Amino acid sequence: MTLTDTLGHADFVLFDGVVFQTEYLRVPDEDTHADDVVLEATHGEMEIALIRSDLDGAQPLSDGGFRLSNGHELRFLSSATIH
C-alpha cells in the first residue's frame, strides 16, 4: 500500500514513536498544493500538522511505516473493530 492509501484510513498516527489521534485528514489529489494541510493530530497538549510537501518523497519502511524526507518516522494506525 502507498502512503496515500493508508493515510485515508488512519484513526491514529505514530509519529517518531508517539501515538497521536487524527483530527483532520485529507488524501492528496491533483488539486492539493504543496502547502495544503493533509494531516492534523493531537496527543494531549501536543499537536502536529503535516502539509503535502512533508509527505512528498516519503520512503516506505519494511514494517509498513514511512520515513519522511526530513527524517521523521510516520505510521498510520486504525482502530480495531470487534464483531
Side-chain angles (χ1 to χ4, degrees):
M1 294 187 88
T2 67
L3 186 140
T4 55
D5 290 337
T6 56
L7 170 67
H9 303 288
D11 298 312
F12 301 92
V13 177
L14 184 65
F15 187 78
D16 287 341
V18 178
V19 176
F20 289 80
Q21 183 172 0
T22 57
E23 301 291 329
Y24 172 79
L25 291 173
R26 177 181 177 182
V27 176
D29 58 21
E30 62 275 352
D31 295 324
T32 308
H33 299 280
D35 61 347
D36 287 343
V37 174
V38 293
L39 173 97
E40 292 178 345
T42 59
H43 174 84
E45 296 292 319
M46 293 190 308
E47 296 180 355
I48 58 170
L50 299 175
I51 58 176
R52 202 227 47 226
S53 64
D54 291 328
L55 303 182
D56 290 346
Q59 297 297 311
L61 301 172
S62 61
D63 61 359
F66 297 89
R67 183 170 312 280
L68 304 181
S69 58
N70 59 13
H72 293 287
E73 286 189 21
L74 180 66
R75 286 175 180 76
F76 300 108
L77 310 170
S78 298
S79 298
T81 303
I82 300 174
H83 296 274

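Just the heavy atoms: all of them, side chains too, but no hydrogens, waters or symmetry mates, feed the values below. Just so we're clear, the structure is a prediction, and the values are computed from it rather than from any experiment.
Between the CD atom in E47 and the CD atom in E40 there is a gap of 7.5 Å [rounded to 0.5 Å]. To the nearest 0.5 angstrom, H72 atom NE2 is 11.0 Å from R67 atom CZ. Atom CZ in F66 sits 10.0 Å away from atom CZ in R75 (nearest 0.5 Å). Separating the CD atom in Q21 from the CG atom in L77 is a distance of 11.5 Å, to the nearest 0.5 Å. Atom CZ of F20 and atom OG1 of T42 lie 8.5 Å apart (nearest 0.5 Å). Expressed to the nearest 0.5 Å, how far NE2 of H33 lies from CD1 of I51 amounts to 12.5 Å.
Residues A58 and L3 come closest through the heavy atom pair CB-CD1, 3.6 Å. Annotation for L7 and R26: closest pair CD2-O, 3.6 Å, computed over non-hydrogen atoms.
Hydrophobic cluster membership is shared by L50 and M46, with clusters built from Ile, Leu, Val, Met, Phe, Trp and Tyr side chains linked at under 4.5 angstrom. Hydrophobic clustering of Ile, Leu, Val, Met, Phe, Trp and Tyr side chains at less than 4.5 Å, counting indirect connections, keeps V38 apart from Y24.
At a threshold of 4.5 Å between non-hydrogen side-chain atoms, the residues F76 and V13 count as touching. Looking at heavy atoms from C-beta onward, L39 lies out of side-chain contact with D54 at the 4.5 angstrom threshold.
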side-chain contact (heavy atoms from CB on, under 4.5 Å) assessment of L68 paired with L55: CA-CA 6 Å; L68 304 181; L55 303 182; 4.0 Å; yes
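Looking at Q59, its side chain does come within 3.5 Å of a backbone N or O of G57 through a donor-acceptor pair.
For D56 and S53, the side-chain atoms include no donor-acceptor pair closer than 3.5 Å.
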